[in-house]
Amino acid sequence: MMLVQDIRSFIRDSSRPIAEKVHLHLLPDYSDIMVISALFFFTLHHTVSPVVSRVLFPVSYGKANRKTRNNWDAHVVSLVHAALIVALSLRCLDIPTLSSDRAFGFHKGSTFVSAIACGYFIWDATEAIVHYTEFGFVLHGIACFSVFILGSRPFAHYHAVRFLFWEVSTIFLNIHWFLDKTGKTGSVIQLINGVVLLGTFASVRLIWGGIISYDFLKTLRGVSSQLPFFYVVVYGSGNVMLNLLNWFWFTKMIASLRKRFSNGNANGNGIHHKGNGDSSLEHKEF
């Protein structure tokens, strides 16, 4: 136990000079949480998920090719993170210090959540680069990591915990993917999950996300003179880019679901079944 505490203290002390130099004043006290978070998600991907999935799904996982198994493990990480971060963010919605100062207010709860998110997006960006499928995912991982680590100035904690509610839709996206890989493509349960997926995506990312994004941009504009110029550029452009990605992915989801559940196909119930369960929704996260 003492060794763990010593390692955590070492991480905090090592990060302090750099953090102070770049004015990330909250980072040293939570840098160990960020490192632990990243290690947790990497371990979940490369150790825990392969072992557990092979036992629980000996056919769907055990007999899959290497690429599919890696995608499976990535979806496990995404699902765990989404459920965890939504639960943690929920506890931060009514913190008075955040509501009273939407630009620079912070709290130990919101800082902890941001550190967990930073660790996840380290994994996310690394995975998107190592197993490259689409530039949008690389951009997403890097942009999200940048936004959350720069928030340790402190900045935008009020909006950060609200933006993390976008991950509600990720839960259903991952369920959708797992239904594909376990032979339930085109099933009634996948249809129900698909409807819920589109509903939550539209609600939390497009509608709620649009409202929060507009409020954030107003806040950013009001305090822009108190921030370094690159903060305005990173947060302003990042906000717009992530919202555009949401709309782009939403159109792709609709197109994919329409293919999957088109009328007059082989199942006899008007639900289209795609042979081996392969999905065009291969993304680990939207």
Does any donor atom in the side chain of His45 or Asn70 lie under 3.5 Å from an acceptor atom in the other side chain?
-> yes
Ignoring hydrogens and angles, tell me if any N or O in the side chain of Ser78 forms a donor-acceptor pair with the backbone of Ala74 under 3.5 Å.
-> no
What are the two closest heavy atoms between Leu79 and Asn174, and how far apart are they?
-> N-ND2, 3.4 Å
State plainly whether one hydrophobic cluster holds both Val51 and Leu44, where clusters connect Ile, Leu, Val, Met, Phe, Trp and Tyr through side-chain heavy atoms under 4.5 angstrom apart.
-> no
Taking the side chain from Asn239 and the backbone from Tyr235, do they hold a donor-acceptor pair closer than 3.5 Å?
-> no
Between atom CD1 of Ile122 and atom CD1 of Ile149, what is the distance when rounded to the nearest 0.5 Å?
-> 6.5 Å
Do Thr68 and Asn65 get their side chains close enough for a donor-acceptor pair, meaning under 3.5 Å?
-> yes
Using atom types as modelled and distance alone, determine if a side-chain donor or acceptor of Ser110 lies under 3.5 Å from a backbone N or O of His107.
-> yes
Without swapping roles, check the side chain of Ser9 against the backbone of Gln5 for a donor-acceptor pair under 3.5 Å.
-> yes
What is the minimum heavy-atom distance between Pro50 and Tyr61, and which atoms define it?
-> CA-OH, 3.3 Å
Should Arg16 and Asp29 count as an ion pair when the cut-off is N to O under 4.0 Å?
-> yes
Do other residues, nucleotides or ligands put more than 12 heavy atoms under 6.0 Å from the CG atom of Leu56?
-> yes
Mark yes or no for whether Ser14, through its side chain, and Ile11, through its backbone, hold a donor-acceptor pair below 3.5 Å.
-> no
Can you see which heavy atom on Trp166 is nearest to which on Gly209, and at what distance?
-> NE1-CA, 3.3 Å
Distance (rounded to the nearest 0.5 Å) between Phe40 CZ and Tyr120 OH | 12.0 Å
Nearest heavy-atom pair of Ala156 and Phe216: which atoms, and what distance?
-> CB-CE1, 3.8 Å
Leu227 and Leu26: same hydrophobic cluster, using ILVMFWY side-chain contacts below 4.5 Å?
-> no
Does a side-chain heavy-atom distance below 4.5 Å link Asp13 with Pro28?
-> no
Do His46 and Asp73 have side-chain N/O donor and acceptor atoms under 3.5 Å apart?
-> no
Determine all donor-acceptor pairs shorter than 3.5 Å in which one atom belongs to a side chain in residues 86-98; sequence neighbours excluded.
from  : atom 1 : to     : atom 2 : distance (Å)
Ser89 : OG     : Ile85  : O      : 2.7
Thr97 : OG1    : Phe106 : O      : 3.3

Flag yes if more than 12 heavy atoms outside Phe135 fall under 6.0 Å of its CZ atom; otherwise flag no.
-> no
Within-4.5 Å side-chain heavy-atom neighbours: Ile33 and Arg8 = yes
Side chain Arg69, main chain Ala64, donor-acceptor under 3.5 Å | yes
Under 3.5 Å, is there a donor-acceptor pair linking the side chains of Arg205 and Ser213?
-> no
What's the shortest heavy-atom distance between His157 and Gly151, and which atoms?
-> NE2-O, 3.0 Å
In this structure, are over 12 heavy atoms from other groups packed under 6.0 Å from Tyr132 atom OH?
-> yes
One should read off an interatomic distance between Trp177 CH2 and His75 NE2, to the nearest 0.5 angstrom, of 5.0 Å
Measure the spacing between CD of Gln190 and OG1 of Thr182 and express it to the nearest 0.5 Å.
-> 8.5 Å
Quick one: does Ser203's side chain have a donor or acceptor within less than 3.5 Å of a partner on Thr200's backbone?
-> no
Closest non-hydrogen atoms of Asp124 and Gly141, given as atom of the first, atom of the second and distance, are OD2-CA, 3.2 Å
Quick one: does Thr251's side chain have a donor or acceptor within less than 3.5 Å of a partner on Phe248's backbone?
-> yes
Kindly compute the distance separating CD1 (Ile212) from CG (Asn243), expressed to the nearest 0.5 Å.
-> 11.0 Å
Ser37 side chain vs Ile116 backbone, donor-acceptor pair below 3.5 Å = yes
Does NZ or CZ of Arg153 lie under 6.0 Å from the centre of the six-membered ring of Tyr231, at an angle within 45° of the ring axis?
-> yes
Between Val233 and Phe155, is there a shared hydrophobic cluster once you connect ILVMFWY residues whose side-chain heavy atoms come closer than 4.5 Å?
-> no
Output the distance between atom OG (Ser60) and atom NZ (Lys184), rounded to the nearest 0.5 Å.
-> 7.5 Å
Single-linkage hydrophobic cluster, 4.5 Å side-chain cutoff, Phe137 and Trp247 together = yes
Between Thr185 and Leu179, is any pair of side-chain heavy atoms under 4.5 Å apart?
-> no
Indicate, with yes or no, if Ile211 and Phe163 share a hydrophobic cluster defined by side-chain heavy-atom contacts under 4.5 Å among Ile, Leu, Val, Met, Phe, Trp and Tyr.
-> no
Pairs touching residues 3-32 that satisfy ring-ring contact (aromatic ring centres under 6.0 Å, His included), sequence neighbours left out | His23-His25
Relative to each other, are the rings of Phe250 and Phe201 parallel, tilted or perpendicular (30° and 60° limits)?
-> parallel
So, is the end of the Arg162 side chain (NZ or CZ) under 6.0 Å from the ring centre of Tyr158 and within 45° of the ring's axis?
-> yes
